[in-house]
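These values consider heavy atoms only, across backbone and side chains, with no hydrogens, waters or symmetry-generated copies. Here is how names work: the chains are called A, B, and so on, in the same order as the sequence lines, proteins then strands, and each is numbered from 1.
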Amino acid sequence: MAEPVGAVMVIGGGISGMQSSLDLANSGFKVYLVERGPSIGGVMSQLDKTFPTNDCAMCIMAPKLVETGRHENIELITNAEVEMIDGRAGNFLVTLKKYPRRINEETCTGCGVCAEKCPTEAIDEFNEGLKHRKAVYVRYPQSVPLVYMIDREKCIGCGICEGECKAGAIEYDEKEKILEINVGSIVLSPGSSKFDPSVRSEYGYGIFKNVLTSLEFERMLSATGPHLGTVVRPSDGDIPKKIAWIQCVGSRDKAKGNSYCSAVCCMYSLKEAIIAKEHFQGIEPTIFFMDMRAYGKDFEKYYIRAEDEAGVRFVRSRVSGVEEDPETKDLTVSYVENGEVVDETFNMVVLSIAMNAPEEAEILSHRLGFKLNIHKFVKAGLFEPLDTTKPGIFVGGAFAGPKDIPGTVAEASGAAARAANVIATSRDSLTKKKEYPAEIDVSEQEPRIGVFVCHCGINIGSVVDVPAVVEYAKTLPNVVYADENLFTCSDDTQTKMKEIINEQKLNRVIVASCSPRTHEPLFQETCRQAGLNQYLFEMANIRDQCSWVHMHEKEEATEKSKDLVRMVVAKSALLDPLQKSKLPVTKSALVIGGGLSGMTAASGLADQGFDVHLVEREKELGGNLRRIQHLLSDVDPQKKLEEIISKVKDNPKVNLHIGSKIEKIEGRIGNFTTTLEGGETIEHGVVIVATGGVEHKPTEYLYGENPNVMTQLEFEEKLTKGEIDLEKSNKIAMIQCVGSRNEERPNCSRICCSEAVKNALKIKEKNPDAEVYVLYKDIRTYGFNEDYFQEASEKGVLFVRYDDDNTPIVNPGQNGLEITLKDPVLDEVLRINADLLILSVPVLPQPDSEDVGRMLKVPLTKDNFFLEAHMKLRPVDFATEGVFLCGLAHGPKFVDESIAQACGAVARAATVLSKDEIEIEPTISHVVDENCDGCAYCIEPCPYDAITLIEYMKNGSVKKTVDVDESACKGCGCCQATCPKEGIFIWKFKLDQLNAMIDACLGVA
Amino acid sequence: MEEQEYEPLIVGFLCNWCSYAGADLAGTSRIQYPPNIRVIRVMCSGMVHPNLVINALTKGADGVLMCGCHPGDCHYLEGNLIAEKRAEAIDLMLEDFGLEPERFRLEWVSASEGDKFARVVKEMTDALKQLGPSPYKT
Amino acid sequence: MEQPEQPAETPGETEEQPPETPAEPGSEDLRIGVFVCHCGTNIGGFVDVPSVVEYTKTLPDVVFATGNLYSCAEDGLASIRDAIKEHKLNRVIVASCTPRTHGPLFQGVCEEAGLNKYLFEFANIREQCSWVHMKEKEEATEKAKDLVRSAVAKAALLVPQEEMKVDVVPRSLVIGGGVAGLSAALSLAGQRFDVHLVEKESELGGFTRNLNSLYLGEKSAEETIKPLIDRVMSHENITVHLNSQVGDVSGFIGNFDTTIVSNGSSQEVKVGTIIIATGALEYLPDGLYGYGMYDNVVTLTEFEILCKSHKLPKVNKVAFIQCVGSRGQDKSYCSRICCVISIKNALYLTEKYAELMGDDGAERVEVGVSVPEIASRRRRRRRMAVAEGAGAPAAAPMGGPEITIFNRDVMTYGANHEVYYNEAREKRIRFVRYTPENRPKVTQEGDKLAVTYYHETLKTERKLLADMVVLATPLVAPPDAAKLSKMLKVPIGRDGFFLEAHVKLRPIDFATDGIFVCGTARGPADITESVAQGLGTASRAAIPMARGFIQAEAILAQVDPQICTGCGTCVANCPYGAIRMTEEGVAEVLAAACKGCGCCGATCPEKAITMMNYTDDQLLAQGRSILQGAL
Amino acid sequence: MAEFEPKIIGFLCNWCSYAGADLAGVSRYQYPPDIRIIRVMCSARVDPMIVLTLFKEGADGILIGGCHIGDCHYISGNYHTEKRVYVVKKLMEKAGLEVERFRLEWISASEGEKFAKTVTEFTEKIMELGPSKVGEDPELTNRMGAAVDASLDFRIRSLLGHEVGMIENGNVYGETKTEEEMRNIIDIAIEDEFRRSLILGVTSSKPASAKELSQIANLPTERIVEHIATLRQKNLLAIDHVDGMTPYYVALRVGGD
């Protein structure tokens, strides 16, 4: 068979597509990222904050946006759709249709003058129609690629933008293009679409001005939104005092919407309520809900905080309708509380709208030849959650089912791993590595600084007197060359710059233009191509932080620009050439834990050609899955387990260490050494923690006292072994949240509701006449599992709610167990005589997690689950590089979620293992041994524990000093700022460099 | 500078990940603020040595503004919290140097708070105008 | 661009002590002098001139005011001249008659006194005051005061202007080598101007090369134009560029920079004037009357090609159908020349019938497929299969052809053409009228073409079996006219023909100076008309080239490049193509082309354009001064 | 009470109307003396801003005289004039000033009589309307201020400047727009920018809430809220304070001070 094509096409550029692309491109594959819209970023770019950390969505996402946009092995193809596909896994020919942007992607500098001057206004979709944009626009200010686009439908064709665009980027006559691309595998990540709430006409969306969708409200909250973060009523501009969130609009709604639960709405509503209140204290948020589904890691705490700290009011009731007061435009919300209809007036209503399958789902399915499920999401298996029905095509993110950002990101990584699997043998075949000329040695040279001042079209030039700045720059010390450019970032100017660097023998280069955040890498690249060390480059930001913010003070802006240039010149003279240090990578992985996640991770890495050491302390592989007897699916878990185990055992790349415990782990990314009990050592480059979890052993409800009280897992086991006769024991009660959502363990264990539903259905299957009671606090069958909950209800399973004030009381009775419970809705006491009582208990972390954490220097949550690097965007990474996480060790989760996460960990690990060596940014701390007296002040502030105190013999006496672990240091500089003796510094941000800037700023040379 | 109105000079230390991005956003959004600040980009607010602040103030800067990520958002986990503690120390040092507390300010500015950055600069400029030039100004 | 000459202002006085520099507007040194004219009793009889003078003296910056009996008389002029010198006036206002007739006179006086003539301002208190308010002396006096005050307000803001002369390159570019272009080129060359003639085909002659006979002409079309082509080819002042196109044009009258692209190589030519003679094409009536379906349905031009190349099949009954694709069928216009051409061809066939049908040795072929000229014309357009057996030539009995011309109106305008029409009727050529509601239909019937038509007089449907049907289709603008129009920034009309500056009075000019149009490029025309227009453009183009320079307007629009952002609104507004974008992407006024209408300034979105002598400030000052009322 | 002497300003193009006015004089056609003429080279020179400014400063009537369509000395200037007059009238309408106070008339060099007749009629019309209320009525004055500001707006001016071209020669895509299409586009721009100018005008002297602005602008509050959003995006408007739950907006003076 021919070698597969070493390239992957990722369809859809939201957070999922970006993550898949980055993981693939970083592990040696060429990626074509195809996006329907003009820029990547997806729904996440529209969000203000993210739960449960209230992180600013844009802040955490922007670095990924930029990295995707600039990656040499990711080719962004925007405004494009798949037309058709040919071939099979390993070698697909994809035909794309690229729609015209009418602005040249190469020449557009994203300066935005076109949009400023465009006389035609259009509805801004990015802001959910709450404000206007122009007919030439970017989706949002941080768009990648930052290239404007002409909305042909809205454009009246006046031609003004063409005149205004000094880069000459406007191409009115651009036509559609057909592209044909060869790839080995495909990842689908088109995301989701919004439910149209006007279908639920009783809520008045589209008719009542003050009824908004949750996404509209999200934009309202955003600082870049229509009112810059002020929440106002569209009807009259007042800040709404009372805001009602109505949950499940289009979700859990078989009649007019989707039968499934959208999985994220409860949480985002909590977040919106909290943030709204943060923005304006006077706001009184109320959330109308059926079940509050705060099922994720630390979500329950967030829920509690919303109620206790933010004062969010929760009303458990389905809202029957919303009416508008025609005068005040206030809204009357009707709902049932304690059996009575209540009408309550609110100033604004927010509809928590469902996540629908993406609009293009059917077209994609048709054109690419994979199947959809009944909800028009991708049809995938419980044990193959990332595979579509067509080999070679994989799915990540919300297209596989509604989910939140961490789930999406983990899956996206997982899909990348699956996609890489197909083409692993062609790794590095299509990626390019940049070649650079030999670096000029500048160490002996006097500084020769060149300053390039940019007009940025008219963005700088119309405010700042650029020629004057150039003339001024020429007078500064060490400056041997200064000139101006219309657009310094344009291709031709870059070529010119290289020539000048060589002609003028420049050894320091300064560009005075825009922001180094966006443009420094570009200019550094130019320097490298000219043979100059890239760390000898500096920027002065005279646009974003000068001309644009002082547009009406031309003189002052010019003066400020001169100052900024002078400051940078002063720093520049003191810059050092720096080299990225490189560490070789041991191309094998250690996977800790031989459960489902660990085995999936191990075989995933092995399939990609990496050696894996799988360490399992039990005598047998399989972990918790061994206890699971049936699933919410036709798949037999035990049969699957066998397959998985044999796959691991048969793989020659997997070295099994069964019945082994780890004694210690040393080293760092690329080079770990692990010692097993018994002294065996393993060399490996990465670690995947898949230590799993254990079932909680309850103490309440007669557990352990009465043989008829058991946990769900125990029940499954007994049922399978035939120890339970459902014909006899036909009155069964289940109690949810036993040992979770309480003071000791505030969090929800995510899976127990679905497990209870699963077992209830099993009981009903075996004995349809059995009486099954499920006593619950909230039913949290999120996502497609909601369908099973509905099924259980339909089959007669009785769901009875209890709350913390009225927990069930279980007594051994004459007719089995006597359970009494006060029904909070009906306010009556319910008595159940049950033959069996099944307790839904949480998943707990492994008791020795702390030991593993200490060995690996990775943190744990308060619940002792492992704490990932970032709740949202790095769900399978640890802050410690080279160490990854998956499965129950991260938190409770289902089989498919564990597998997806394990695949995710594979993809993340592969980004390290695919490299021969890892580069370490040189802008990190460096110890000045002469100055350091070993006071150790710097050790505590270091967020990465990268500094250790050492002693060595110097001139016959003991010298104390500190040592920096280069691979752990990130260059934040907390050490430098703490050191009283200038004994440690950060390259490129040395104290003398910063002081030189201050001196230059203050004119005290 | 002549007798007219005194224009304070503020040295700004902005962390690369949030506040510098926020200042850029002020530009992208064309939010206008007084041209009295000169920004020095640092990777983290935790990188700013107190000596740098004191140096600037004793060499004639009328004010120093330090901006970092909101607590919890720090790119380096907790550099900003360290900066916050350090700011307390700097406040104490100001007294020793005979400088008014208004001359040093620590603010959290996120990448989406262009307007906040502009507001902070304007407030600080106004406050420093009220206060008059730095006693260290020659 | 060549440097414009220095302004021609008062050349004799450069040696002397230059007059004091006029004060800047708004400065304290304004010294305004006002001369109020009695104009005999024309003004004085209805306006209290002395009171106006006295009032004027109270106005700000007015340092001198006096009355004159006749300001325009020699003594009046002398007194103004003296007063300017004596009182060091730097702004002069005459309140008298109308600037339209007397402005230049007084401006001249100012110049004689060393004052820039644009520092002069007029107040019209005769035509627009005393003469029209003869019965309201008091009000007329008040109005006169207001008008003077308003003039003073403006005068205070006047700034000196300079007039520019721009050299004209004595070379012309003629685009198109048909009869119109050839005539224009020859005429200009004859006047000793260099001419560059650009022809996109490999031969000169244009559309005429297709033609066979010419009406009213003795010689064939080929014989007629051959001498013209020969003379052009051999003329020492004409450079002929065959297989060439104009690649780019920039500049303005007197100084156009043009690029001529020939076979991939390009050449820069600087010219003073440009003549567009790009001609027209024949409309191909695909799908109409069986054209493209039946071989023996041909257009007029194809018929001529057949005759000319002796490839006309044996035909006896021939039907001409007029107005095919014109006058509302596709194109809205009448193509002007087709009626007479159809008659010409009908007569030709009648007269030369024996010769054409005789055994002259020429091969008789199937028309549409075998005649290469026609086949290639049609190949691309043919969409329907040729009906089997169609087009086989019928055996035509000797004698005379039977010719029918289906027409809507026979438009043989002018004296000579009508003679032709009469001749055709004498020769028994049938003319049958049809209306657009009842157009003839052409179908294949055996080896004949059946023309079914509604007889307007008999009110019945009739059928004519013809051997050949000839369709008279209009001339249409070539598709590349639009490109040229954009390049030269001259307009084309809805039908794609170039649009002249004024339909009546400037039929071969464009609003843009220095560019002219002739021949079928501006609409259907016959050879006579095309030649006449060609010669006309030659003479229009010769004017600036012969003079050697252009006197530019002094009252120009001025762009402030600091404010301009380059939106291009002014470019879209300027009727003269006098504004262009510089390389820096801001607008620039071409002094030589600007006429000073001010249209650009009044809509400049950035207010970056100032209309000199009519600035916003000046107009607002005038308006505000009026609103103030008498003090 | 003194008799009303209307202040009427006439802008006449040099080539036709001014000559026509001269001819009226030569022919001794008598007309009321209230008009004061300002000569311009072409009627298209008259910037809408100038007309509106003079109305805002108290003119009772303004007449523009130009060449007949097709006769313009500058070929097509008067065609542009027509479009500009439309904008002025629209803005007067929005501001609530009688549009009859503004008149455009084509008067050729030979139509002295027509000139006299036009001025007579126009003067009578203005007499009938009485003195302009601008200046007396502060709200009208405010709205006229907004009209002047709107006439200086980039969006309106650029559309106006491209209107004729897009109808006559087509747009950048080679499509020609109909008069009606262009008029719709310009109407929307005028409506938007007038309201926005008004909001800025009102809030520059005193902070106002959306509801107050709605009353002043006589526009539904929801539309005002949309305009507020646009102005806040452009950083021209900010919240001054919040009273209860109602934000009060203030116009930002452009610039750092």
Side-chain angles (χ1 to χ4, degrees), chain A residues 102 116-121 123-124 127 129-134 150 152 155-164 170-173 209-210 219-220 224-242 280-284 329 347 548-553 556-557, chain D residues 153-163 165-166 169-177 181-182 184-186 188-189 192-193 208-214 220-235 237-239 242-249 253-257:
Chain A
R102 294 192 166 78
E116 193 187 322
K117 298 296 182 186
C118 173
T120 312
E121 292 185 353
I123 298 296
D124 183 359
N127 278 298
L130 292 170
K131 74 175 197 69
H132 291 99
R133 60 157 168 85
K134 295 298 185 67
I150 292 177
R152 182 61 189 87
C155 174
I156 59 167
C158 61
I160 288 173
C161 51
E162 191 179 23
E164 295 286 348
I170 312 279
E171 290 174 355
Y172 294 118
D173 51 1
K209 271 272 161 188
N210 296 328
R219 289 313 301 152
M220 275 267 187
T224 59
H227 291 271
L228 311 183
T230 314
V231 175
V232 301
R233 307 203 320 158
S235 73
D236 59 9
D238 273 2
I239 297 170
K241 189 172 177 62
K242 290 182 70 182
F280 196 80
Q281 273 304 322
I283 288 177
E284 297 170 6
K329 309 282 178 194
N347 306 111
W548 274 351
V549 289
H550 316 303
M551 295 171 93
H552 309 285
E553 298 140 298
E556 288 87 346
Chain D
D153 175 73
F154 185 96
R155 179 174 170 204
I156 294 179
R157 292 177 74 91
S158 62
L159 284 172
L160 185 56
H162 281 84
E163 188 178 7
M166 283 167 65
N169 309 325
N171 66 7
V172 295
Y173 304 110
E175 313 158 335
T176 46
K177 295 271 174 187
E181 283 170 324
M182 281 313 292
N184 283 340
I185 290 168
I186 288 192
I188 292 168
D192 285 352
E193 300 308 329
S209 70
K211 276 178 245 171
E212 290 171 358
L213 289 165
S214 155
T221 326
E222 56 185 74
R223 297 278 301 128
I224 293 288
V225 174
E226 286 176 35
H227 288 310
I228 286 174
T230 306
L231 292 169
R232 293 203 65 193
Q233 301 295 320
K234 294 184 179 172
N235 204 39
L237 197 67
I239 294 180
V242 178
D243 184 9
M245 300 306 271
T246 306
Y248 280 74
Y249 296 95
R253 280 184 56 85
V254 184
D257 48 359

TODO: Please flag which part of D:E175 lies under 4.5 Å from any non-hydrogen atom of chain A: side chain, backbone, both or neither.
DONE: side chain
TODO: Return the minimal non-hydrogen interatomic distance between A:L228 and D:Q233, and the atom names on each side.
DONE: CD2-NE2, 4.2 Å
Open item on the list: So for D:I239, is it side chain, backbone, both, or neither that comes closer than 4.5 Å to the heavy atoms of chain A?
Closed with: side chain
Open item on the list: If I compare all heavy atoms of D:A210 with all of A:G237, which pair ends up nearest, and what's the gap?
Closed with: CB-CA, 4.1 Å
TODO: Give a yes or no answer on whether the side chain of D:N171 reaches the backbone of A:I156 with a donor-acceptor pair at less than 3.5 Å.
DONE: yes
Task: Heavy-atom closest contact (A:C158 atom, D:H162 atom, distance) - done: O-CD2, 3.0 Å
Task: Spacing of A:T120 atom OG1 and D:I188 atom CD1 [to the nearest 0.5 Å] - done: 9.5 Å
TODO: Select, from D:I228, D:I185, D:V172, the one with the greatest count of heavy-atom pairs under 4.5 Å involving chain A.
DONE: D:V172
Open item on the list: If I take atom CZ from residue D:R155 and atom CD from residue A:E116, how far apart are they, to the nearest 0.5 angstrom?
Closed with: 14.0 Å
TODO: Just jot down the ring-ring contact (aromatic ring centres under 6.0 Å, His included) partners of A:H550, sequence neighbours excluded, or say none.
DONE: B:Y33
Task: Inter-residue atom distance A:E121.CD - D:E193.CD, 0.5 Å rounding - done: 6.0 Å
Open item on the list: Rounded to the nearest 0.5 Å, what separates atom CZ in A:R233 from atom OG1 in D:T246?
Closed with: 9.5 Å
Task: Proximity breakdown for D:D192 and chain A, heavy-atom pairs closer than 4.5 Å - done: side chain
Task: salt_bridge(D:E222, A:K329) N-O dist < 4.0 Å - done: no
- [ ] Calculate, to the nearest 0.5 Å, the distance between atoms OH and CZ belonging to D:Y173 and A:R102 respectively.
- [x] 5.5 Å
- [ ] Kindly give the heavy-atom pair with the smallest separation between D:P247 and A:V232, and that separation in Å.
- [x] CG-CG1, 4.4 Å
Open item on the list: Could you measure the distance from the OG1 atom of A:T230 to the OH atom of D:Y249? Nearest 0.5 Å is fine.
Closed with: 6.5 Å
Open item on the list: I'd like to verify something: which residue of D:D153, D:I224, D:L237, D:V242 has the highest number of heavy-atom pairs under 4.5 Å with chain A?
Closed with: D:V242
- [ ] Give the minimum heavy-atom separation between D:K211 and A:D238, together with the two atoms involved.
- [x] NZ-OD2, 2.6 Å
Task: Structural part of D:E163 lying under 4.5 Å from a heavy atom of chain A - done: neither
Task: Over all atoms of both residues, closest heavy-atom pair of A:F280 and D:M245 - done: CE2-SD, 3.5 Å
Open item on the list: Under 4.5 Å from any heavy atom of chain D, what part of A:K209 do you find: side chain, backbone, both or neither?
Closed with: side chain
TODO: With a 4.5 angstrom heavy-atom cut-off, could you sort out which part of A:D173 is near chain D: side chain, backbone, both or neither?
DONE: neither
